[in-house]
Amino acid sequence: MSRYLTLQDVDVSGRSVLVRADLNVPLGSDGSISDDFRIRSALPTLEGLVESGARVTVCSHLGRPSAEDPRYSLEPIARYLDGLSRYYVTFGKGSAGDIRVLENTRFNPGETENDLVYAAELGAGHNLFVQDAFGSVHRAHASTVGVATLLRSVAGPLLDAELTAFRRFTDSPEHPYTVVLGGAKISDKLGVISNLLPKVDQMLIGGGMCFTFLAARGVNVGASMVQDDMVGTVREFLEGPYGKRIVLPTDLVASESFTAKGANRVVGIRSLTDHEIGLDIGPATANLYADTIHRSATVFWNGPMGVFEWTPYRRGTERVAQAMATTKGYAGVGGGDSAAAIRSLGFEHQVDHLSTGGGASLELLEGRSLPGVEILERWA
Ligand code: ADP
Ligand code: MG
């Protein structure tokens, strides 16, 4: 029961269809594609449309150029898609492929201004707009909102799958429901905590943000990362009606050196020295978190449990990733770094939902509506 139309509701045969995909992939310093997850995720929608007899044009942004900049051209992305696809993928509006890839939308300043002239240029010659860029629908841009005011618009399968998955975490979670939060900054995730805390049975906290919680409880966190200006807010969560749902680490892996190579030790949470930095959750905490994940009917995870980029501090994140992959409950992962951890461990196909969107997924979990989705509802 969705409030927008999907491809199932329209006939695309013989139609010219504009797809907004999320081809915004990370690029290496030499300009190569360093992670093709989003490109691979976008392809089934494009191929499905060709199979249904549509003429397919696809647009996306890439990086954050404010004007034309050859380093951010979509031409190499088009070539990469062509390599992956059984169809003929070409670059440029007038080209003759089964799937035509347009140049980076951000080359036109009208994109981020949601300029209707640019939106009309994008939409010209098309009969239908398919919004499939979950990672971009939290922004009101010409290729997410503007064009959808002008052309009949539907949600693509990837966007629909993301929104449907996230409804299980925000609207009607099956209980017991656990949310696992980590990552660097608590300020990024305050909105998520306040929206989800009333809905969860427990919220397991790890990563850099756990130290602001521990500090708010009066624990000496040594030289660990703390956001001082957030301690008051966090104390309100802890002392509020749902405070008991917040679970904090009981042990840590700590070092006096914020590097990959310093000596480290496992330490109980009350025994950190003033010079020590907590860099991962400890084994007792990792066990508790993994058990809790296994006992959940629904579980969502965002943010690594430690500085997982450094091998000695990877274990907590690995343990959580493995529990996410093996739990019988409905398991979803969102966030760039947590998704990367899941994929690098080979658990990509073992979790029920691996989100392609960072910012958009956080805004959904905050309970906010996304402008690029709201506009689709007008056509339903
Ligand atoms: P995601 O992309 O999954 O949303 P974030 O971007 O919020 O996650 O956070 C990821 C970053 O958090 C990683 O670079 C990691 O090194 C850092 N981090 C995790 N734990 C700690 C810690 N204890 N101290 C400092 N940084 C940490
Ligand atoms: Mg990140």
Side-chain angles (χ1 to χ4, degrees), residues 24-26 34-35 37-38 134-135 138 166 169 179-193 196 203-215 219 221-228 230 248-262 264-267 269 272 275-283 285-286 289 299-321 324 331-345 347-348 351 353-366:
N24 180 33
V25 291
S34 51
D35 182 345
F37 177 56
R38 284 178 164 170
F134 178 64
H138 59 308
F166 274 96
F169 301 122
V179 166
V180 189
L181 287 182
K185 284 199 193 152
I186 183 141
S187 48
D188 291 348
K189 291 169 191 173
L190 276 182
V192 175
I193 297 171
L196 293 186
M203 191 174 274
L204 314 178
I205 308 285
M209 70 159 75
C210 77
F211 300 104
T212 305
F213 278 97
L214 290 166
V219 173
V221 298
S224 305
M225 154 193 279
V226 173
Q227 280 186 278
D228 291 316
M230 293 291 150
L248 299 176
T250 56
D251 64 341
L252 298 164
V253 185
S255 172
E256 294 195 355
S257 147
F258 191 74
T259 65
K261 295 207 173 98
N264 63 68
R265 63 169 185 145
V266 172
V267 55
I269 199 67
L272 274 175
H275 302 290
E276 278 180 313
I277 311 163
L279 293 169
D280 195 8
I281 56 172
T285 306
Y289 286 11
V299 52
F300 179 79
W301 172 39
N302 172 289
M305 295 292 102
V307 186
F308 76 109
E309 297 91 332
W310 296 338
T311 317
Y313 308 112
R314 181 173 293 170
R315 237 178 249 150
T317 301
E318 275 175 6
R319 198 72 212 290
V320 164
M324 292 297 295
V333 181
D337 292 288
S338 358
I342 283 279
R343 281 183 282 124
S344 71
L345 291 165
F347 295 140
E348 178 170 348
V351 292
H353 187 70
L354 186 60
S355 179
T356 54
S361 69
L362 291 181
E363 290 199 20
L364 269 183
L365 295 171
E366 287 168 8

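Numbering of ligands and ligand atoms starts at 1, following listing order.
Smallest separation of non-hydrogen atoms from I205 and P249: O-CD, 3.3 Å.
Using a 3.5 Å distance cut-off with no hydrogens or angles, the side chains of S255 and S257 do not pair a donor with an acceptor. A donor-acceptor contact closer than 3.5 angstrom links the side chains of Q227 and S187. Side-chain contact of D251 with T285: a donor-acceptor pair under 3.5 Å is present, judged by distance alone.
E276 and R265 are joined by a salt bridge, as a carboxylate oxygen and a charged side-chain nitrogen come within less than 4.0 angstrom of each other.
Judged as a salt bridge (Lys or Arg N to Asp or Glu O under 4.0 Å), and not counting sequence neighbours, E256 has no contacts. Applying the side-chain contact (heavy atoms from CB on, under 4.5 Å) rule to R343 yields the partners D35, F37, A339, A340, E348, L354; only residues at least two apart in sequence or on another chain are considered.
Classification of the F134-F166 ring pair by plane angle, with boundaries at 30° and 60°, yields parallel.
Listed as neighbours of ligand 1 are G183, A184, K189, G207, G208, F211, M225, G278, L279, N302, G303, P304, G306, V307, E309, G335, G336, D337, S338, each bearing a heavy atom under 4.0 Å from the ligand.
Only protein N, O or S atoms were scored, and 1 of them lie under 2.8 Å from the Mg ion (ligand 2).
For Y289 and W301, the distance between ring centers is not under 6.0 angstrom.
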